[in-house]
Amino acid sequence: MAASCTLFSAGKALRVGSQLLLLLSILLGVPVHASVENATPPSNLGSVGTDSTQIETTPSPLKDEEIRQRISGIFSEIEGLGAVEVSVVQGVVSLAGETANERKAQQALGLANRLTDVVTVDDHINRTLDVQENVTTAYHGLRARGHNLVKALPLLLVGFLIFGLVTWFGNE
C-alpha cells in the first residue's frame with residue numbers, strides 16, 4: 001500500500017514539475033518542441049531545378065530596373081543588408097557586397113527570391129564574419145532573455161514552492 005501511495009505521489013509531483021517547466025518555457029519564449037511534420041523547408045535558396053513557376057518570355061530592361069530598385073530599397077531598410085549591391089539582367093538577380101554573417105546573407109537571398117519576375121538569384125555576397133556585429137547580436141539576445149528571466153522569477157519561485165510542497169506531502 002505504501003509503495004503504491006509513493007508511486008502515486010511521485011507521478012503527481014512529476015506532472016506538477018512538467019507543468020511548471022511548460023509554464024517557464026512559455027514565459028521565457030523557449031519552444032517546447034519542434035515538429036518535423038510542420039517544418040517548412042527554406043525558400044528556393046540556391047536549389048537547382050526545384051522551382052516550377054513559369055519564366056516570362058519577354059523580359060524588359062524596365063522590369064529589371066524596377067526589380068533592382070525594389071530589392072535595393074528593401075535592403076536599405078534592413079540592418080546589415082545596406083552594403084549588399086544588387087544588379088538585375090533578364091530577371092536574374094546578382095547580389096554582391098558584404099554581410100556580417102551567413103544568416104544575413106541568407107536573409108538577402110530569401111528576400112530577393114520572393115519578388116515576382118525574379119528568375120533566379122546569383123549569390124556573390126562575401127560573409128565578413130564581423131566579430132563586433134555577431135557579438136552585439138548575441139549580447140542583445142542574451143540580455144532580452146535575462147530580462148525575461150527576471151520578470152519570471154516570482155512565478156518561478158511560486159512554482160518551486162508548490163513543487164516542494166507536493167513532494168513533501170507526497171512523501172508523508
Next item on the list: Indicate yes or no: at least one non-hydrogen side-chain atom of L95 is less than 4.5 angstrom from one of H124.
Entry: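 A side-chain contact under 4.5 Å is absent here.
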Checklist line | Close side-chain approach of V93 to I67, heavy-atom, < 4.5 Å | finding: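 Yes, their side chains come closer than 4.5 Å.
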Next item on the list: For side chain to side chain contact (heavy atoms under 4.5 Å, CB included), just list the numbers for V86 and V88, CA-CA rounded to whole Å, side-chain angles, deciding distance to a tenth of an Å, and then say yes or no.
Entry: CA-CA 7 Å; V86 181; V88 183; 4.2 Å; yes
Over all atoms of both residues, closest heavy-atom pair of [X] and [Y]:
X    : Y    : result
V119 : Q90  : CG2-O, 3.8 Å
L111 : L81  : CD1-CD1, 4.1 Å
V118 : V121 : CG1-CG2, 3.9 Å

Give, for atom [atom1] of [X] and atom [atom2] of [Y], the distance between the pair rounded to the nearest 0.5 Å.
X    : Y    : atom1 : atom2 : answer
L157 : F160 : CG    : CZ    : 8.0 Å
Q106 : N113 : CD    : CG    : 10.0 Å
L109 : T99  : CG    : OG1   : 9.0 Å
R114 : I74  : CZ    : CD1   : 8.0 Å
L142 : H147 : CG    : NE2   : 11.5 Å
I125 : D122 : CD1   : CG    : 10.0 Å

Once side-chain contact (heavy atoms from CB on, under 4.5 Å) is applied, do any residues pair with [X], and if so which ones, sequence neighbours excluded?
X    : result
E85  : A96
L62  : S60, E66
A144 : none

Next item on the list: Would you please name every residue forming a side chain to side chain donor-acceptor pair (under 3.5 Å) with R68, sequence neighbours left out?
Entry: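 Per chain and number, R68 pairs via side chain to side chain donor-acceptor pair (under 3.5 Å) with E65.
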Check: Can you list the residues that meet the side chain to side chain donor-acceptor pair (under 3.5 Å) rule with D123, with sequence neighbours excluded?
Finding: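 D123: side chain to side chain donor-acceptor pair (under 3.5 Å) contacts with R127.
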Note to self: Can a donor-acceptor pair be found, under 3.5 Å and without considering hydrogens, that links the side chain of K104 to the backbone of E98?
What the structure shows: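 No, because the side chain of K104 does not come within donor-acceptor range (under 3.5 Å) of the backbone of E98.
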Margin query: Quick check on the hydrophobic clustering: are V89 and I71 connected, directly or via other members, by side-chain heavy-atom contacts under 4.5 Å?
Written below: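 Different hydrophobic clusters.
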